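Report on the structure given below.
Side-chain atoms are counted along with the backbone in the values below, which use heavy atoms only and exclude waters and symmetry mates. Protein chains get the first letters and strands the later ones, always in sequence-line order, with residue 1 at the start of each. Remember, predicted model here, so these are calculated numbers, not experimental data.
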Amino acid sequence: MLRQMCMAIAAVASLLSFTATAEAQYYEDKQITVLVNYGAGGTTDILARMIAKHMGKHIAGNPNIIVKNMPGAGGITATNHMGNSVDADGLTVAIFALPVMQQVLSDEALSFKLSDFVWLGGTGLPTTCIIRKDAGAGISKVDDLQTVGSFNLAGYRNTSSTDVRMRLGLDLLGVEYNYVPGYVSASKVNAAMLQDEAQFSCGSILAIRNLFGPNLIEPGLAIPLWYYAVVDSDGNDVKDDRLAGIPTFSEVFEKFNGEPPSGIPYDALTLINNSVVTMLWGSFVPKGTPDEAVASLRMAWDSLSSDPEFIAEYEAMTSGAPILTNASKVQENIQKLVNLSPELVTFVSDLVSAE
Amino acid sequence: MFEAALSGLVQVIAWPAIGYLLFGVLVGLLLGMIPGLSGLVGFSIMLPFTFVLEPVPALALLLGMFAVTTTSDTIASVLFGIPGTSASQATILDGHPMAMKGEASRAFGAAFTVSAVGGILGAVVLGLSIPLVKPLILYFAQPEIFMLSVFGMTIVGTLSGNSILLGLIAALAGLGLSYVGYAENGALPRYVFGTLYLLDGLPLIPVVLGLFAIPELIELAVQGGSISKVPREEVKGGLMTGVRDACRNWWLVLRSTAIGAYFGLMPGLGGTIVDWMAYGHAIQSSKSKGTFGKGDVRGVIAPETANNAMKGGALIPTVAFGIPGSPSMAVLLGAFMIQGVAPGPEMLTVKLDFTFALMWTLAIANFVGALLLLLIAGKLSLITFLSGRLLVPLVTLFIFLGAWTSSSNIGDWIVLMVFGVVGYMMKKGGVPRPPMVLGFVIGPIMENALFITTHAYEGLSWLSRPACLIIAGLCLVSIAVGIRRNTQKAESSQIAIESPLSDPTMSLAAVGLLLAFSIHGLAPTYSWPADVGRIPMLTFIPAVFMSLTALLLGIWQFRQTFTNGEDIFPNRSELGRVFQLWLWLLGIVFVTIAVGQLFALPMFIALYFLTVTRYAWWVALLSAVGTWIFLYVIFDRTIGVVWYPALLF
């Protein structure tokens, strides 16, 4: 018995050491190119470079990592490039802002499904909605939303996942609003809210910390209303510690209606929000990439969540620790995105194409 | 406030911040010199290094680099007529003709001096006007931005050279070009011909390089000789003459500083048009206009002052309200995020010393950058006396690399080539190109601001906002000045923005092309939803009528000119040489598709030297190897450019 156990342990140990050696050998003296699907200097680029900077030390063989940008067509150009032109050798790794809405809407420009890639991991940020206190008839707490009257909603563009979520949120609550898209960045939304051109909008935790917080909330011009929490497989909200004190959207809905939200609009909201919060930014390699490369890269991605240097830099940027999603969870979410019910796709398409 | 200013200065000149600042300046100068590279590229290269630095040294590094890219971008603008960055487009209109007169050194002297003065004064002006900044920025919402962009378009009259009709057609065509791709508010792509590449719209740099740099390249290759048409011995006035020019035009420098700083302050409009506005102002306010476009130093002074002063202006709303005044400032916001610095009203109160530290950084960087460039300006200007044939491969390399760094897509080169043909036809045909660029740059801002305005405000109530009314008044004044100038027949009022000696055949072809473009642009607008199609329709309807009128006038003129059966292509041999050069350029594109840029570009250099200039084989080989090293070290390793995925390897 003891002998058998020893042999089993030895076998497992040798297998592990073989795998580790194979991984170490794979990236030894090699260079990885991290491809970013947006231009230099934006949030996606900054985050990708931060990840790239720390990922290298967790990859067996300690390869050199360089970062390249390939902007275009809302991130689709680089996504197609990963499918069409990149060798499946594990030497080009995508860290992309995922074209989630294009996948939901089956955008013809996207020549690959997101499920056609091998996923390494993902990360994202929760979205919080705010309103100016002098909107409509005035508002000092979320309950007043039922009597506030109409206001302007500052949106980015019809097909933005943030726009879709904020519109669905207000539609579900039955609040009257005037949708004004065209503000191309959170800083433009910040300007519009400061100028009282728009009174309601939503933004990521980054926008709240760096723009809406110091300019609108802290000076007492606006209040946070709710944030869109990730909903688990049992239909429960997964609370985010970084936003303690702010209710989730479901909580607000339940308070207004006496029952939790449901139906196609809420399903669409949940699906899009879960994708954005867990994998607004995702990392992948082309299908056919050698297993040892994939294993090595996945291990590096997972190691980031316990890397104190990476966490410190990330925290300086967002005032909160990173929430990294592992490969299997991302793969699972991607499958949900590509296998949507036709009713849901039609519903979202109608919403974004309505004038 | 004085204490905060002093404290800010101490933070910047303390070690290691000052060391990082100076290093940033050196990198920024290099980036500005190479067309296509700009502060944005610098930001992305340096950002990872700033993660571990304290806020002041980190931002000293980034701002120091960023401040001077618009100082050194003058070099390519003046020497080759290639805008070094998108902020120096207007500089080429007079800067390059100065180089052709052998006055590159004088242009550098003036440009570097005013860049420093503009950069420093811009920072000072804004430091002093901090109390006014908040109400000003908060008042300038989308209706005011729309009106300001209309005001920007009114300088078309000033930029139109000898024909306001052709200028207007070019401006409308420029607006039309800006509608390509997704509207920022719509879900329907426009004029994309089924391509993915055009979904984001036409990229600015390849369009501008095509319109301006390619025709200059053709001139250099076809006419032979050096860039300077005046022998070196006969050139009067050098670097110091330029410095004196800058001092003599102090009043223009001050006004251009104000234009730069306050346009930079306006969120959403910012740096994209400030050089054009300053250039237009220089012409409008000048009594003797006849030399503009022919190498008038004032045409260099105005935009170069403004594009440096603008950076201080763009900085204030960025730090104070998180409202970036220009695209680069949006990137700077990212750097703030990394440093845990949240822009907000506190930056003008409790953290005022930090804000002053940023402004001191801008001021010091501008001063040091200009000083360093003045030291090498004399040597740089010698390039204009080298043989044109020697320069053709070098300029081609920079044009192609500049275009490629836009989005690293073969589409960038196709756009470059197409607009090269358009630019050549417009130049030869006397159709002014500056209004086209102005329309192209202002178009998206104007359309987006109007869209938001009509959706966020009830009816036409926004038109009665006091600032809108004031800007509307300014528009009328600007239009009146433009009309007055065009109705004056005296020679002093004529501006040679484009050659008055235009080729009637080419002119007719260029106008015909613009008419066809306008009709094609108008056709689909009727089937589009109102929000997507309204503005293009309003642009193309007058464009069709105006270009039809210009075409009929052109045909009439054509028949007047060629009454006795003369050759309608008097420059047939020149056209042949242009076509030859075109084949070379097409060759670069096709060879790149086959084997990639790292081989195609050095191969082009070697073959050109071997077959056209007939240098020895070892010179050609050494040049090719040098080019490959340059591409590999700077573009591949350092900047991380994505090359074309070649078919063969």
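Residue pairs that meet the side-chain hydrogen bond (donor to acceptor under 3.5 Å, both in side chains) test with at least one member in residues 70-88 of chain A, sequence neighbours left out, are A:Asn80-A:Ser111.
To the nearest 0.5 Å, atom CD1 of residue A:Ile76 and atom CG of residue B:Asp200 are 9.5 Å apart. Atom-to-atom distance recorded for B:Asn448:CG and A:Arg157:CZ is 10.0 Å, nearest 0.5 angstrom. One finds the CZ atom of B:Arg637 at 4.5 Å from the CD1 atom of A:Ile66 (value rounded to the nearest 0.5 Å).
Shown here are the ring pair (Phe, Tyr, Trp, His ring centres under 6.0 Å) partners of A:Trp281, two or more places apart in sequence or in another chain: there are none.
Ranked by heavy-atom pairs shorter than 4.5 Å toward chain B, the options A:Glu315, A:Glu313, A:Glu309 are led by A:Glu313. Ranked by heavy-atom pairs shorter than 4.5 Å toward chain B, the options A:Val180, A:Asp163, A:Asn215, A:Asn152 are led by A:Asn215.
Judged by distance alone, with hydrogens and angles left aside, the side-chain atoms of A:Glu197 form no donor-acceptor pair with the main-chain N or O of B:Ala456 at under 3.5 Å.
For A:Lys113, the NZ atom is loosely surrounded, since the number of other residues' heavy atoms within 6.0 Å does not exceed 12.
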Q | Worked check of side chain to side chain contact (heavy atoms under 4.5 Å, CB included) between A:Lys68 and B:Asp636 | A | CA-CA 9 Å; A:Lys68 297 188 174 191; B:Asp636 191 281; 4.0 Å; yes
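Put simply, the side chain of B:Glu458 does not reach to within 4.5 Å of the side chain of A:Asn178, judged on heavy atoms. The side-chain heavy atoms of A:Leu35 and B:Val642, taken from C-beta on, include a pair separated by under 4.5 Å.
In this structure, chain B has no heavy atom under 4.5 Å from any part of A:Asn64. Heavy atoms of A:Ala109 lying under 4.5 Å from chain B belong to its backbone as well as its side chain.
The two residues A:Gln195 and B:Phe140 come nearest to each other via the heavy atoms NE2-O, 2.8 Å.
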